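Remarks on the structure that follows.
Bear in mind that the values here come from a model prediction, so they are computed numbers and not experimental data.
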Amino acid sequence: MFSLIILIGLIILIIGAPLAVGSVYTITYSAIEIIVFSLLLLHICFPRSPVPNSKFSILNSKLFFLLLPIFLFLLIALLQIVPIPLSVIKVVSPSTAALYEKLGLTLNTQHATRNTFANIFLLSLSLYSSTIAILKWFAYVGVFILITTFNPPEKKLKDGNWLKIISIAFFVIGFAEAIYGLYLYLNHSDSLLWFTRIYYKGFVDGTYINKNHLAGFMNMCIFISIGFLTSYIGSYRKKGYRLKETFLLILTTKKTIFIYLIIFGLLTMILAVIFSNSRMGQFSLIAGSIFLCILYTVKRLKNFLFILIFIFCMATAWGIWKGVEPVIERWNATDADFIGRNDVWKSTLKMSRDFPILGTGLGTYELAFPPFKPEKIGVGIVDHAHNDYLEMLSEVGWAGFVCWLSFFFMYLYFTISAWIQKQGAFSRGMGAGGIAATIATLIHSLADFNLQIPANALLLFIVMAITWQAVHTSFST
């Protein structure tokens, strides 16, 4: 019963988060946090694994070591909003102390002795912004822990069936977003659900405000769907059929229409990325596909490689037929846009040098950046660095950034290592798709801020968690 509630909650998150305009508004990301924390509390109060140190427990050695750096990252973020004496701040963050003194917020020693709370400040430049950001990251880590330790006892959910349901949810919402976005694009509509779109008109945006974030979300759905498709086809191969016999069996099965639907959905999602005109989204899709081909080559899965190439060739041909002139024009404008972002990146690095150890506070980039803003930007507001890594470095300093980045590196190392040793069709298919989705998103973050969009950050951690389950759990298929 409780397992079913948790599964339904996860499906609601997967489908609802992107539909709610990327969950960028207070009411939407707050709803995400409430759902995640409620499901996690339910999972903790009614655990499915009776043995504390089982493979589904957080005390599992690999999972524990993986979570250690992200826990340290959260601890550092919490430290930023803990009131501490100005004398301590002068040691760990001299620029922060200098800023407080410049604003005239500090008191001299004579006045300080009369007030117990005098000269007590935060490392973060904004308690409000940091608190919001910390709650978001607790939700992301929470959903990761929930899924990686989830072990439903129900027979119908065992043997990876619940992971298949989650994968189908990714396909459904990705397909729906692609259809909706392409429909608006072909009809030259400025609609955004029941609102009127103000920014990024003339692209495939779906229910996202920014086309780049739709592309980032779509890439995750594409690779998870490819992983599900290849694992489904691979379940026939395990029976000893040759490639020709496998396809004949698939074409005559009752689920042939389901396979055709997945292929058509993949073609549609790839088209959505192409016509989103998100250059980094397109680049990360290609990069993730290349890495997926490498994984298939390592495991000698030539049949899966053929399927992947076939799908992308069909999608490209379809895109050319529809007309890719806007896409080509967009790529021709790369140099001018890169110069603007490069100026922001340089200024962000300068800001991180002024707050090197503990940063300006998680979620405070927009507030802290104005003194470092390039003059050519003028009165324009820079709310994000268009590089998740530089933005995180400036907000949490090297202490938090190293922990944060170590989590992703350790995850890829543990996951790829476990995937190489797997033989089951489901583990190989879903594992490869999830790894490619993670890598594509992390590459996309080099020139965008997908991890600052609650829906995309949440779904990335869900993708990472189901991939972890797929490669670290033994299935019969």
Side-chain angles (χ1 to χ4, degrees), residues 17-18 21-26 28-29 32 73 77 80 124-126 128-137 139-140 198-200 203 205 208-217 219 276-281 283-284 334 336-355 359-397 400-401 404-405 408 440-461:
V21 199
S23 299
V24 294
Y25 297 109
T26 303
T28 51
Y29 63 68
I32 285 177
F73 160 75
Q80 293 177 322
S124 171
L125 300 182
S126 173
Y128 174 76
S129 299
S130 290
T131 302
I132 290 176
I134 289 170
L135 286 174
K136 289 178 183 176
W137 279 97
Y140 306 152
I198 300 177
Y199 304 105
Y200 298 104
F203 307 106
D205 307 89
Y208 281 75
I209 297 175
N210 191 319
K211 58 188 175 59
N212 300 301
H213 304 145
L214 173 78
F217 160 72
N219 284 339
S276 70
N277 265 6
S278 170
R279 291 161 300 185
M280 202 59 192
F283 178 80
S284 58
T334 298
D337 288 351
F338 175 76
I339 293 174
R341 293 193 181 187
N342 190 44
D343 291 334
V344 173
W345 294 342
K346 288 180 179 178
S347 298
T348 304
L349 281 173
K350 184 179 178 181
M351 182 170 71
S352 66
R353 286 194 291 268
D354 279 11
F355 302 87
T360 62
L362 189 62
T364 63
Y365 181 84
E366 183 178 355
L367 177 66
F369 188 72
F372 305 91
K373 185 173 64 175
E375 292 184 1
K376 62 180 66 176
I377 294 180
V379 297
I381 297 176
V382 179
D383 53 355
H384 294 289
H386 284 270
N387 184 310
D388 281 320
Y389 304 97
L390 291 179
E391 185 165 340
M392 187 60 71
L393 174 62
S394 66
E395 290 183 348
V396 296
F401 178 73
W404 179 80
L405 193 61
F408 291 105
T441 304
L442 294 179
I443 290 175
H444 196 166
S445 292
L446 288 169
D448 221 312
F449 51 99
N450 273 290
L451 297 184
Q452 305 301 323
I453 305 302
N456 286 9
L458 177 80
L459 294 179
L460 171 63
F461 275 77

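- Side-chain contact check for Y208 versus N456: some heavy-atom pair is nearer than 4.5 Å.
- Partners of T360 under the side chain to side chain donor-acceptor pair (under 3.5 Å) rule, at least two apart in sequence or in another chain, are T364.
- For F461 and W137, the ring centers sit closer than 6.0 Å to each other.
- With sequence neighbours left out, Y365 forms a ring-ring contact (aromatic ring centres under 6.0 Å, His included) with F369.
- In this structure F355 satisfies the ring-ring contact (aromatic ring centres under 6.0 Å, His included) test with no other residue, sequence neighbours excluded.
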Candidate pair D448 and N450, rule side-chain hydrogen bond (donor to acceptor under 3.5 Å, both in side chains), full reasoning: CA-CA 6 Å; D448 221 312; N450 273 290; 5.0 Å; no
Worked check of side-chain contact (heavy atoms from CB on, under 4.5 Å) between I443 and M280: CA-CA 8 Å; I443 290 175; M280 202 59 192; 4.0 Å; yes
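- Without hydrogens or angle criteria, R341 side chain to H386 main chain gives no donor-acceptor distance under 3.5 Å.
- Classified by interplanar angle (parallel below 30°, tilted 30° to 60°, perpendicular above 60°), the ring pair W404/F73 is tilted.
- With rounding to the nearest 0.5 angstrom, the OH atom of Y128 is 12.5 Å from the CG atom of L367.
- The distance from the CG atom of N387 to the CG atom of N342 is 11.0 Å, given to the nearest 0.5 Å.
- Of the inter-residue distances, the one linking I453 atom CD1 with D388 atom CG reads 9.0 Å to the nearest 0.5 angstrom.
- In this structure, F372 has no ring-ring contact (aromatic ring centres under 6.0 Å, His included) partners at least two apart in sequence or on a different chain.
- Every residue two or more places apart in sequence or in another chain was checked for a side chain to side chain donor-acceptor pair (under 3.5 Å) with S394, and none qualifies.
- Atom-to-atom distance recorded for T26:OG1 and I132:CD1 is 6.0 Å, nearest 0.5 angstrom.
- In terms of heavy atoms, E391 sits closest to D383 at OE2-O, 4.3 Å.
- For S23, there are no side chain to side chain donor-acceptor pair (under 3.5 Å) partners, not counting sequence neighbours.
- Taking all atoms of both residues into account, the shortest heavy-atom contact from K211 to N277 is NZ-O, 3.4 Å.
- Remark: aromatic rings of H213 and F449 are close, center separation under 6.0 Å.
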